Amino acid sequence: MTTRTRFAPSPTGFLHIGGARTALFCYLFARRTGGKYLLRVEDTDRERSTAEAVEVIFEGLRWMGLNPDEPPVFQARNAPRHLEVAHQLLREGKAYRCHCSKDEIDQLREQQKTQGLKPRYDGRCRSRSAPVAEGRESVIRLKTPLAGAVAWEDVIQGPVRIENNQLDDLILVRSDGTPTYHLAVVTDDHDMGITHIVRGEDHLNNTPRQIHIIEAMGWTRPVYAHMPLLHGMDGAKLSKRHGAVSVLAYRDAGFLPQAVNNYLARLGWSFGEQEIFTMAELERHFDIAQVGRSAAIFDQAKLEWVNGHHIRATAVQDLVPPLLEQLRRKGIAEPDPAYVAALVPTLQERARTLAEMADKALFYFVAPTAYDDKAVGKHLTAPVLEPFADLVQRLDSLEGWNEALLEATFQATIATHGVKMGKLAQPVRVALTGSDVSPGVYEVLARLGRSESLTRLERCLAFFRRRVAE
RNA sequence: GUCCCGUUCGUCUAGUGGUCAGGACACCGGCCUUUCACGUCGGCAACACGGGUUCGACUCCCGUACGGGACGCCA
């Protein structure tokens with residue numbers, strides 16, 4: 001039998017980084033076991049579900065590379081089937097109509113709470129014999145076994161056992177005639193042939209209720225794997241106040257999807273002492289049974305480190321499109337892809353995100369309008385003026401313009417003047433970039449080109465002369 | 001309040017009765033070097049607490065504390 005997993009987001013907002021992790025685990029489990037990974041949109045909350053949210057979630061999953069193996073299922077469309085199941089249970093006496101009003105139940109819960117009990121419906125309609133006034137609203141509730149317990153072997157949590165007396169008769173169909181979450185989930189999972197349910201630990205308490213529906217229908221139980229939740233740096237459940245929680249926010253911040261996947265997979269799971277994984281390696285090694293049971297805290301600093309690794313390991317051509325986007329955001333109207341491709345190798349090991357890479361690439365597009373004060377004070381000093389002027393002269397009369405030639409010119413200059421390379425290279429860096437931090441000077445000169453380089457150098461030389469004269 | 005789960009360096013984790021408790025990020029320092037970064041070497045730093053069980057507990061059991069989740073006609 002081939003395994004089938006599903007990621008089942010509800011489209012009430014963006015794709016949360018925690019949801020993305022759940023999707024990733026579903027996906028990796030399916031890949032590892034040679035099964036299928038499916039997607040089901042749980043849009044049964046008519047009030048909060050939106051088409052925009054569906055699109056945003058799809059976009060997030062697409063970006064992560066977590067594309068389902070079959071077309072997505074939209075739960076709301078299966079409502080007739082869900083109701084059919086509810087009515088079958090009703091006919092078989094496994095469910096019943098409950099006419100209690102919301103107020104009545106609220107009151108009951110309130111009362112139970114003050115008594116220190118777990119608030120739950122007491123099943124008062126279960127054996128109601130008195131006829132009910134015609135037209136009064138009703139819901140359909142499942143008859144939950146009164147005694148006994150539900151137990152299952154959770155792939156991540158281990159053996160789990162919940163006493164039935166902790167449960168109440170859950171609602172299958174609302175008073176407006178629409179199916180509830182539990183009914184829909186169980187029915188769809190069955191109909192979709194889901195064999196393994198990988199989801200957040202927040203669903204652990206839902207599992208026994210869902211198992212009861214499954215048992216009532218005589219369906220086979222899927223295997224469950226409840227993964228620990230993700231927490232923010234303060235230890236609380238990850239939420240908006242923890243900053244970027246939408247996966248698309250990570251894309252926009254310049255992270256690579258393979259890095260996000262890598263980091264997310266390592267949260268709660270490890271494989272020897274390996275930290276960096278390609279998607280293919282994750283598909284090969286990720287073992288959900290080895291996932292730990294405690295919640296993990298999302299650490300952006302480590303994500304950045306992982307991202308830096310992937311930036312260095314990714315082919316230039318694959319870095320160009322997202323980098324172009326980052327550059328546009330920084331105000332570079334129409335960056336030339338070929339030019340950008342030439343710049344990438346000079347920046348790859350200097351950036352942890354593509355946004356940072358774009359920042360560091362800016363000088364390639366715009367000549368410095370001012371020189372960093374500290375850099376000027378440190379490197380544009382009187383003793384270097386002569387060697388620097390001589391270098392500019394030599395570069396100006398250079399025939400040809402490539403890194404080897406440039407280096408030879410620098411070497412000849414320092415030999416003539418008896419200065420150290422650092423003394424000469426730093427002013428050049430300032431002239432070219434405005435600061436004393438940049439990729440190698442030969443690399444920069446080569447990419448900027450002869451004309452632009454000389455323009456920047458001459459301008460700086462003039463500035464340098466004025467400064468020394470003062 | 002009730003039920004369920006968790007607890008090893010600040011963070012992610014290895015560890016399944018006998019280890020100097022290992023690795024990674026971050027942080028600090030050295031090296032490399034035309035700067036930064038990469039790389040590399042080294043440093044700092046943890047078994048929540050209290051009882052058991054045992055010749056011996058991070059590892060097993062019980063309790064406490066702390067944290068999280070769940071208790072909807074939301075999903």
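Computed from a predicted model, the values in this text were never measured in an experiment. Convention: sequence-line order gives letters A, B, ...; per-chain numbering from 1.
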(message) How would you summarise protein contacts on nucleotides 24-46 of chain B per nucleotide, using B for base, S for sugar-phosphate only and - for none, with heavy-atom distances below 4.0 Å?
(response) BSS-------BBBBSS-------
(request) Can you tell me, in whole Å, how much space there is between the C1' of B/A46 and that of B/C32? (result) 33 Å
(request) Would you mind classifying the nucleic acid contact of A/His203 as base, sugar-phosphate or nothing, using non-hydrogen atoms under 4.0 angstrom? (result) base
(message) Using atom P in both nucleotides, what's the gap between B/A57 and B/U19 to the nearest angstrom?
(response) 11 Å
(message) Give me the distance, rounded to whole Å, that separates B/A45 from B/G6 when you measure between the C1' atoms they each carry.
(response) 23 Å
(message) By the 4.0 Å heavy-atom rule, please label A/Ile171 as base, sugar-phosphate, or nothing.
(response) base
(message) From the set B/C73, B/G69, B/A75, return the single nucleotide nearest to any side-chain atom of A/Asn205.
(response) B/G69
(message) Ring centroids only, cut at 6.0 angstrom: are A/Phe388 and A/Phe464 within range, meaning strictly under it?
(response) yes
(request) Quick one: label A/Thr44 by what it contacts on the DNA or RNA (base, sugar-phosphate, nothing), any heavy atom closer than 4.0 Å. (result) sugar-phosphate
(request) Using the C1' atom as the reference point in each nucleotide, state the distance between B/U59 and B/G39 in Å, no decimals. (result) 37 Å
(message) Taking only the P atom of each, what is the distance from B/A24 to B/G43 in whole angstrom?
(response) 12 Å
(message) Would you say A/Ser246 and A/His16 are linked by a side-chain donor-acceptor pair, where the criterion is simply a distance under 3.5 Å?
(response) no
(request) Report the residue (A/Asp202 or A/Gly292) whose heavy-atom-nearest nucleotide on RNA chain B is the more 5′ of the two. (result) A/Gly292
(message) Rounding to an integer number of angstrom, what distance separates B/A48 and B/G10 when you compare their P atoms?
(response) 11 Å
(request) Could you state the atom-to-atom distance from CD1 of A/Ile197 to P of B/A75 in whole Å? (result) 16 Å
(request) Using a 4.0 Å heavy-atom cut-off across all strands, classify A/Leu424 as base, sugar-phosphate, or nothing. (result) nothing
(request) Test the A/Arg40-A/Phe7 pair against the cation-pi criterion, namely NZ or CZ under 6.0 angstrom from the six-membered ring centroid and within 45° of the ring axis. (result) no
(request) Please check the phosphate of B/C73 (OP1 and OP2 only) for any side-chain N or O of A/Arg109 closer than 4.0 Å. (result) yes
(request) Assign A/Asp168 to base, sugar-phosphate, or nothing according to its heavy-atom contacts below 4.0 angstrom with the strands shown. (result) nothing
(request) Name the closest nucleotide to the A/Glu201 side chain, picking from B/C5, B/U13, B/C4. (result) B/C5
(message) Could you check whether A/Glu104 pairs with A/Arg109 (Lys NZ or Arg NE/NH1/NH2 to Asp/Glu carboxylate O, under 4.0 Å)?
(response) no
(request) Specify the residue among A/Asn206 and A/Gly272 whose closest nucleotide of RNA chain B lies further upstream toward the 5′ end. (result) A/Gly272
(request) In whole angstrom, give me the gap between the C1' atoms of B/C44 and B/A26. (result) 12 Å
(request) Would you confirm whether the ring centroid of A/Phe286 sits within less than 6.0 angstrom of the ring centroid of A/Phe29? (result) no
(request) Begin from the C-alpha positions of A/Asn78 and A/Asp191 and carry the test side chain to side chain contact (heavy atoms under 4.5 Å, CB included) through to its verdict. (result) CA-CA 10 Å; A/Asn78 298 334; A/Asp191 291 357; over 6 Å; no
(message) Using atom C1' in both nucleotides, what's the gap between B/G50 and B/C66 to the nearest angstrom?
(response) 15 Å
(message) Would you compute the distance between atom CZ of A/Phe298 and atom CZ of A/Arg21 and round it to the nearest 0.5 angstrom?
(response) 10.5 Å
